[in-house]
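Since the structure comes first, as structure tokens, the remarks are kept for the end.
Heads up: numbering here begins at 1 and tracks the sequence.
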Amino acid sequence: MDKPDLRHFMEEDEREGWNRRYQQGEHISFEPDPFLLSAYDHFIHPLYPRGGTALDIAGGLGRHAIWLAELRWRVTVVDISEIAFQKAQKKAEERGVKIEFLVRDLKSYSPERDRYDMVLVFYYLQRELFHELIEALRPGGLLIYKTYTHEHADQGKPPKNPAYLLRDQELLYSFPSLKTLYYRELGEKGSAEMVAIKPR
């Protein structure tokens, strides 16, 4: 008899958990993060005034993908939740734009190499994926990253698992082959923000 695939069960549990959250209305927001708006004005638009290709990692409801699509970007969203996919596609149709949505478990997902002008990661931390993010960028491409630091948990807020929280300045030194254009840690909010570029 074949042994049960424990990894498969873990993936299914995670998928069901996120599907339930999106179905119950948690994490429902289609407004882009203020950091993306600022990064767009200062870094993205000057380099890509006519748009480009973007990969949105763990993009959930596609709030950033839809906003970028309205600015003529071609965006691929990767997320584990089918419910998020359904809601994102419905909102994209309402706004008259198209996005590509891939329902994938990021623990077993590898993006195509040298395909994207920009990679976005908001509030998701999977250190094993860092190298893949670099490889997915084209030379001259931008990495826009924002997620929680350990100070978020210190304030009693979830997530509290250290595996999902950055250490001090960890994000700043996690992509040594990229050139950092902007970096900031917000202690009061328990988050870190970074814009980095892949050398040509």
Worksheet item: Are the ring centres of Y164 and Y148 closer than 6.0 Å?
Response: no

Worksheet item: F30 and W67: aromatic ring centres closer than 6.0 Å?
Response: no

Practice prompt. Tell me, yes or no, whether the heavy-atom count around H150 atom NE2, taken from other residues, nucleotides or ligands under 6.0 Å, exceeds 12.
Written response: yes

Discussion item. Atom CZ of residue position R127 - does it have more than 12 heavy atoms of other residues, nucleotides or ligands inside 6.0 Å?
Written reply: yes

Please name the pair of heavy atoms, one in [X] and one in [Y], separated by the smallest distance, quoted to 0.1 Å.
{"X": "A88", "Y": "G62", "result": "CB-N, 4.3 Å"}
{"X": "P139", "Y": "D114", "result": "CD-OD1, 4.4 Å"}
{"X": "G59", "Y": "V77", "result": "CA-CG1, 3.7 Å"}
{"X": "A192", "Y": "E185", "result": "CB-CG, 3.9 Å"}
{"X": "D79", "Y": "A84", "result": "OD1-CB, 4.4 Å"}
{"X": "L178", "Y": "P199", "result": "CA-CD, 4.3 Å"}

Worksheet item: Per the side chain to side chain contact (heavy atoms under 4.5 Å, CB included) rule, which among L68, D56, T53, I99 passes with W73?
Response: L68

Worksheet entry | R63/E31 under salt bridge (Lys or Arg N to Asp or Glu O under 4.0 Å): CA gap, chis, key distance, verdict | CA-CA 6 Å; R63 60 176 178 147; E31 294 301 316; over 6 Å; no

Side chains of [X] and [Y]: closer than 4.5 Å at any heavy-atom pair?
{"X": "R167", "Y": "T149", "answer": "no"}
{"X": "V103", "Y": "I80", "answer": "no"}
{"X": "H64", "Y": "P32", "answer": "yes"}
{"X": "L143", "Y": "K198", "answer": "no"}
{"X": "L47", "Y": "L142", "answer": "yes"}
{"X": "Q126", "Y": "K107", "answer": "yes"}
{"X": "L166", "Y": "T147", "answer": "yes"}
{"X": "F122", "Y": "F35", "answer": "yes"}

How long is the gap from [atom1] on [X] to [atom2] on [Y], to the nearest 0.5 Å?
{"X": "E135", "Y": "S110", "atom1": "CD", "atom2": "OG", "answer": "10.5 Å"}
{"X": "K146", "Y": "K189", "atom1": "NZ", "atom2": "NZ", "answer": "6.0 Å"}
{"X": "R200", "Y": "R138", "atom1": "CZ", "atom2": "CZ", "answer": "10.5 Å"}
{"X": "S174", "Y": "Y145", "atom1": "OG", "atom2": "OH", "answer": "8.0 Å"}
{"X": "Y124", "Y": "L129", "atom1": "OH", "atom2": "CG", "answer": "6.5 Å"}
{"X": "S81", "Y": "Q86", "atom1": "OG", "atom2": "CD", "answer": "8.0 Å"}

Practice prompt. Show the numbers, then the answer: is there a salt bridge (Lys or Arg N to Asp or Glu O under 4.0 Å) between K90 and E93?
Written response: CA-CA 5 Å; K90 181 179 179 181; E93 290 175 5; over 6 Å; no

Fill in: Distance-only donor-acceptor check, side chains Y182 and R184, under 3.5 Å
yes

Worksheet entry | Pair D41-H45, side-chain donor/acceptor within less than 3.5 Å | no

Practice prompt. Starting from the C-alpha separation in whole Å, work towards a yes-or-no answer on side-chain contact (heavy atoms from CB on, under 4.5 Å) for V78 and L106.
Written response: CA-CA 8 Å; V78 184; L106 285 162; 3.7 Å; yes

Practice prompt. Take I144 and M118 through the side-chain contact (heavy atoms from CB on, under 4.5 Å) test and state the conclusion after the steps.
Written response: CA-CA 7 Å; I144 313 295; M118 180 167 60; 3.8 Å; yes

Fill in: Pairwise ring pair (Phe, Tyr, Trp, His ring centres under 6.0 Å) hits with a residue in residues 94-119, at least two apart
F85-F101

Practice prompt. Check whether L186 and Y173 end up in the same hydrophobic cluster, where Ile, Leu, Val, Met, Phe, Trp and Tyr are linked by side-chain heavy atoms less than 4.5 Å apart.
Written response: no

Practice prompt. Could you walk me through whether T180 and L172 pass the side-chain contact (heavy atoms from CB on, under 4.5 Å) test, one step at a time?
Written response: CA-CA 8 Å; T180 302; L172 179 62; 4.0 Å; yes

Worksheet item: Where do K91 and R95 land on the side-chain contact (heavy atoms from CB on, under 4.5 Å) test, with the steps shown first?
Response: CA-CA 6 Å; K91 180 60 69 172; R95 295 199 181 176; 3.9 Å; yes

Worksheet item: Backbone N or O of G187 within a donor-acceptor pair of the Q155 side chain at under 3.5 Å?
Response: yes

Worksheet item: Is it true that a side-chain atom of R72 and a backbone atom of R50 form a donor plus acceptor pair closer than 3.5 Å?
Response: no

